[in-house]
Peer 1: 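Got a structure for you, written out below as structure tokens; questions coming shortly.
Each chain gets a letter, A, B and so on, in the order the sequences are listed, and its residues count up from 1. Side-chain atoms are counted along with the backbone in the values below, which use heavy atoms only and exclude waters and symmetry mates. Just so it is clear, the structure is predicted and the values come from calculations on it, not from any experiment.
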Amino acid sequence: MNRADVAARVIAWFAAHARPLPWREPDAGPWAVLVSEFMLQQTPVARVLPQYAAWLERWPTPTALADDEPADAVRAWGRLGYPRRAQRLHAAATAIRDHHGGAVPADHDALLALPGVGAYTAAAVASFGFGQRHVVLDTNVRRVLARLEGGQAFPPASLTRAEVTRAQSWLPDDPAQAAAWAAASMELGALVCTADSPACERCPVADACAWLRAGRPAWDGPPRRGQTYAGTDRQCRGVLLGVLRAADAGVPRAQLLAAWPADAAQAERALASLITDGLARSRGDGTISL
DNA sequence: AAGACGTGGCT
DNA sequence: TAGCCAAGTCT
């Protein structure tokens, strides 16, 4: 029962059970993969699906997006969340237009240099978009490996060097197989080896799982801190940005701030941070716009 | 390197 | 219901 055999079974399971997602279709090129990866950062598949289709229809190439305004991208992002991702995707498209001839680069380091592209996204695009061999370590794969080999219910709070080393040891030698493993191990985590109530009875490698063998012990590490949201600056920013997204023209400053009546000082602070981040701009006539 | 950064669905 | 969680990145 070596890693290659276990990985092969996960890949076979994927062939039979993978969801038919548009960015995995044969006609989805690197640009489609890049767009999907940006949208999927911390956002569930179900909410990404409609936005993804609309986005690619409007901007079928990086250059098409780069030639429009960043504000258009933020508005089209809608309610996907973390609107800075829209801003960064626009910036990445601009870099692709200006420095890569309009084609998404295949080189891992070139991908990593793009705005909003970190270790995961660079590896994912190189792997799914170009069939290369990279460690693709997202939250799903981290959890799968933590259980399968580590015997722990969850991975550490932040990505460790040990996890990367472990993931490397699972990567098939052949590039095509490595890319298949990346997609399959992610899908296994998303559909079977889920964070809560994992479906071990449907797991193709349950017999090889250290965590299941140990009786599925509960997480005994440090408490994973929750994400409080109500009343935070983040929520306030979201409300203000929602108003700006919906507006055709600039919104009078006072009217915008009135959208967060609970705490005027907080609204001022949130607006200032949005402007600093380039997600909102103050216009000459005293109005605010995207 | 811990914390900021949106949003909505599920239990 | 309130908290947890979702294909992370940046500082």
Peer 1: For Arg75(A), enumerate each residue passing the salt bridge (charged side-chain N to carboxylate O under 4.0 Å, His left out) test, keeping only those at least two apart in sequence or located in another chain.
Peer 2: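 Partners of Arg75(A) under the salt bridge (charged side-chain N to carboxylate O under 4.0 Å, His left out) test: none.
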Peer 1: Please determine whether a side-chain nitrogen of the Lys or Arg among Glu268(A) and Arg253(A) lies less than 4.0 Å from a carboxylate oxygen of the Asp or Glu.
Peer 2: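 A salt bridge is present here (some side-chain N lies under 4.0 Å from a carboxylate O).
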Peer 1: Could you tell me whether Phe38(A) contacts a base, only the sugar-phosphate backbone, or nothing, with contacts defined as non-hydrogen atoms closer than 4.0 Å?
Peer 2: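 Answer is nothing: Phe38(A) stays at 4.0 Å or more from every strand.
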Peer 1: Treating Arg143(A) as the side-chain partner and Gly189(A) as the backbone partner, does any N or O pair qualify as donor plus acceptor under 3.5 Å?
Peer 2: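 Yes: the side chain of Arg143(A) pairs with the backbone of Gly189(A).
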Peer 1: How far, in whole Å, is dA2(C) from dC5(B) if one measures between their P atoms?
Peer 2: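 Here dC5(B) and dA2(C) have their P atoms 23 Å from each other.
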Peer 1: Side chain of Thr165(A), backbone of Arg161(A): donor and acceptor closer than 3.5 Å?
Peer 2: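 Checking the backbone N and O of Arg161(A) against the side chain of Thr165(A), a donor-acceptor pair under 3.5 Å is found.
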Peer 1: Determine the contact category for Arg142(A): base if any of its heavy atoms lies under 4.0 Å from a base atom, sugar-phosphate if only primed atoms, P, OP1 or OP2 are that close, otherwise nothing.
Peer 2: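 Answer is nothing: Arg142(A) stays at 4.0 Å or more from every strand.
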Peer 1: Go nucleotide by nucleotide along DNA chain B from the 5' end; which of Ser158(A) and Thr232(A) gets its closest nucleotide reached first?
Peer 2: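 Closest to the 5' end, via its nearest nucleotide, is Ser158(A).
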Peer 1: For Asp207(A), is there an ion pair with Arg213(A) - N to carboxylate O distance below 4.0 angstrom?
Peer 2: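 Answer for the salt bridge query: no.
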Peer 1: Is a side-chain donor or acceptor of Ser36(A) paired with a backbone partner of Val33(A) at a separation under 3.5 angstrom?
Peer 2: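 Checking the backbone N and O of Val33(A) against the side chain of Ser36(A), a donor-acceptor pair under 3.5 Å is found.
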Peer 1: On DNA chain B, reading 5' to 3', which nucleotide is the first and which the last to sit with an atom under 4.0 Å from a heavy atom of chain A, could you check?
Peer 2: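 Taking any atom under 4.0 Å from a heavy atom of chain A, the span is dG3(B) to dG8(B).
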Peer 1: Measure the acute angle between the ring planes of Phe154(A) and Trp219(A), then classify it against the limits of 30° and 60° as parallel, tilted or perpendicular.
Peer 2: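 The arrangement is perpendicular - the two ring planes meet at more than 60°.
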Peer 1: Rounding to the closest angstrom, what is the interatomic distance between dG6(B) and dA6(C) at atom C1'?
Peer 2: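 After rounding to an integer number of Å, I get 12 Å for this pair.
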Peer 1: Distance between the C1' atoms of dA1(B) and dA7(C), in whole angstroms?
Peer 2: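 Between the two C1' atoms, the distance is 23 Å.
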Peer 1: What I want to find out is whether Asp277(A) reaches Arg237(A) closely enough, with some N-O distance under 4.0 Å, to be called a salt bridge.
Peer 2: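 The answer is yes: the pair qualifies as a salt bridge.
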Peer 1: Using a heavy-atom cut-off of under 4.0 Å over every strand shown, decide if Leu80(A) touches base, sugar-phosphate, or nothing.
Peer 2: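 Base, at least one base atom sits under 4.0 Å.
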Peer 1: Could you pull out the protein-nucleic contacts involving nucleotides 5-9 of chain C (nitrogen or oxygen on both sides, under 3.5 Å)?
Peer 2:
from, atom 1, to, atom 2, distance (Å)
dC5(C), OP1, Arg224(A), NH1, 3.4
dC5(C), OP1, Arg224(A), NH2, 2.8
dC5(C), N4, Gln227(A), OE1, 3.3
dA6(C), OP1, Arg143(A), NH1, 2.9
dA6(C), N6, Gln227(A), OE1, 2.6
dA7(C), OP1, Asn140(A), ND2, 3.1
dA7(C), OP2, Asn140(A), OD1, 3.1
dA7(C), O5', Asn140(A), ND2, 3.0
dA7(C), O4', Asp138(A), OD2, 2.8
dA7(C), N6, Trp23(A), NE1, 2.7
dG8(C), OP1, Thr139(A), N, 3.4
dG8(C), OP2, Gln42(A), N, 3.3
dG8(C), OP2, Gln42(A), NE2, 3.2
dG8(C), N7, Gln42(A), NE2, 3.4
dT9(C), OP1, Gly118(A), N, 2.8
dT9(C), OP1, Thr121(A), N, 3.0
dT9(C), OP1, Thr121(A), OG1, 2.6
dT9(C), OP2, Tyr120(A), N, 3.3

